[in-house]
Amino acid sequence: MSEKAQQTQNVLANLGTVLPDLESLYKDIHSHPELSMQENRTAGIAADRLRATGYDVTTGVGKTGVVGVMHNGDGPTIMLRADMDALPVREATGLPYASNATADENGKSVPVMHACGHDMHVTWLIGTATLFAQKRGAWRGTLMAVFQPAEETGEGAQAMIDDGLFKRFSKPEVILGQHVMVGSSGVVSYRSGVVTSAGDSFQIRMFGRGAHGSMPQSSIDPVVMAASTVLRLQTIVSREVAPTDAVVVTVGSLQAGTKENVIPDEAIIKLNLRTFDEDVRKHVLAAIERIVNAEAEASRSPKKPEITPLDRYYFVKNDPDATKRVADAFRSYFPADRVRETQPTTASEDFGCFGSGWQVPSVFWFVGGTDPDTYAKAKQSGTIADIPTNHNPRFAPVIHPTLETGIEALVVASQAWLTT
Ligand SMILES: [Zn+2]
Ligand SMILES: [Zn+2]
């Protein structure tokens, strides 16, 4: 066994000992989910845990973000990132540690659930930070553990950057992050290059003229205008984009009117777009604007539609050299059937902000969270799409071996940079 592999085993030697505590921590965080930018309890737990194991801790970075730094002799600085927020979803997993939590969202009480597995991410990073702190003889360098708020709203990474993350902390050599997804638990999947899509959301307000439902000649009907727009928008993917370029255009919300015999004044469309290439993205954005304006004009709209951006996620693009380093480290640690190369996912992430903003190579990979038997059977019967995905009220990663695999992956990947 190489010196590096030996030291990685040393860092992981206490994993079995800390696992029961981490399992209760995971269940505790799962049953106390917090919405984006409200992650006060979760951030407090992360900060306490980091302090207790000897990290220098800065809290309140980008509102609720936490940064823990441990200097441990000469060597590279590496940044590890976990996101902390949950979603306004009513949990339907039936798990004994399911969430009953509610929270305030824009003045309205909503159910809250860790439906994207960020509770797992927080536990992974706490576990990893703890193991490194317990075995300081097995590595040299500086560890920077970043607990990020508000990934789900696309604001958290940027909020930490706007709050001086790049100025207040020294620049790392690499930034590493991971996400739990549908996939066989115990398996890690990586990919070089673009790994998650760019996401853009818009609200489109289309204007008509209201009238009595019996007198359409006096109206400019925004319902027909919006319906026609929604259909035409679907031709962007089918008629304007090359079949080899993947794009998603989803209209997730279409609202107009209150009553069957009243033609309303306006209609509101909410639209979400996913792309994997900047040129394709620009083309689709231009096509959306062109179609929306042309449909309004075709309907004699009295006013140009208003197109308002709602949120934006950049691509997550894995640095090829850094990805190779992570993949090689995974392959030398995990058995061959537990490391896979994967396709890009249409999900989006704000993890990419850190690397692109700081000009630091970054790598983001996936850890399976589905019971291996369930996954194997679903694969055999062609029903993988039926397994509840992230954001589904029944999304329920199995704790083992998902918990230990994520910690092993983070330690192994970190050790590929740290001096041993
Ligand atoms: Zn999510
Ligand atoms: Zn997520």
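Each ligand, and each atom within it, is numbered from 1 in the order the structure gives.
- Tested against Glu91 for a side-chain hydrogen bond (donor to acceptor under 3.5 Å, both in side chains), the candidates Arg394, His114, His30 yield a single pass: His30.
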Donor-acceptor pairs are to be reported for all side-chain atoms of residues 70-79 against protein atoms at under 3.5 Å, with residues two or more places apart or in another chain.
residue : atom : partner : partner atom : Å
His71   : ND1  : Thr142  : OG1          : 3.1
Asn72   : ND2  : Arg136  : O            : 2.9
Asn72   : ND2  : Trp139  : O            : 2.7

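- Under the 4.0 Å criterion applied to side-chain N and carboxylate O atoms, Arg49 and Asp21 are assigned as salt-bridge partners.
- With 3.5 Å as the limit, one finds a donor-acceptor pair spanning the side chains of Asn272 and Ser201.
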Atom pairs and distances, donor-acceptor, side-chain atoms in residues 349-369, under 3.5 Å, two or more places apart:
residue : atom : partner : partner atom : Å
Glu349  : OE1  : Arg81   : NH1          : 3.3
Glu349  : OE1  : Arg81   : NH2          : 2.9
Glu349  : OE1  : Phe351  : N            : 3.2
Asp350  : OD1  : Arg81   : NH2          : 3.0
Asp350  : OD1  : Gln148  : NE2          : 3.1
Asp350  : OD2  : Gln148  : NE2          : 3.1
Asp350  : OD2  : Ala157  : N            : 3.1
Ser356  : OG   : Gly352  : O            : 2.9
Gln359  : NE2  : Ser356  : O            : 3.2
Trp365  : NE1  : Gln178  : OE1          : 2.8

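- Protein N/O/S atoms found under 2.8 Å from the Zn ion (ligand 1), listed by chain and residue number: Cys116 SG, Glu152 OE1, Glu152 OE2, His391 NE2.
- The list of ring-ring contact (aromatic ring centres under 6.0 Å, His included) pairs with a residue in residues 377-419, not counting sequence neighbours, is empty.
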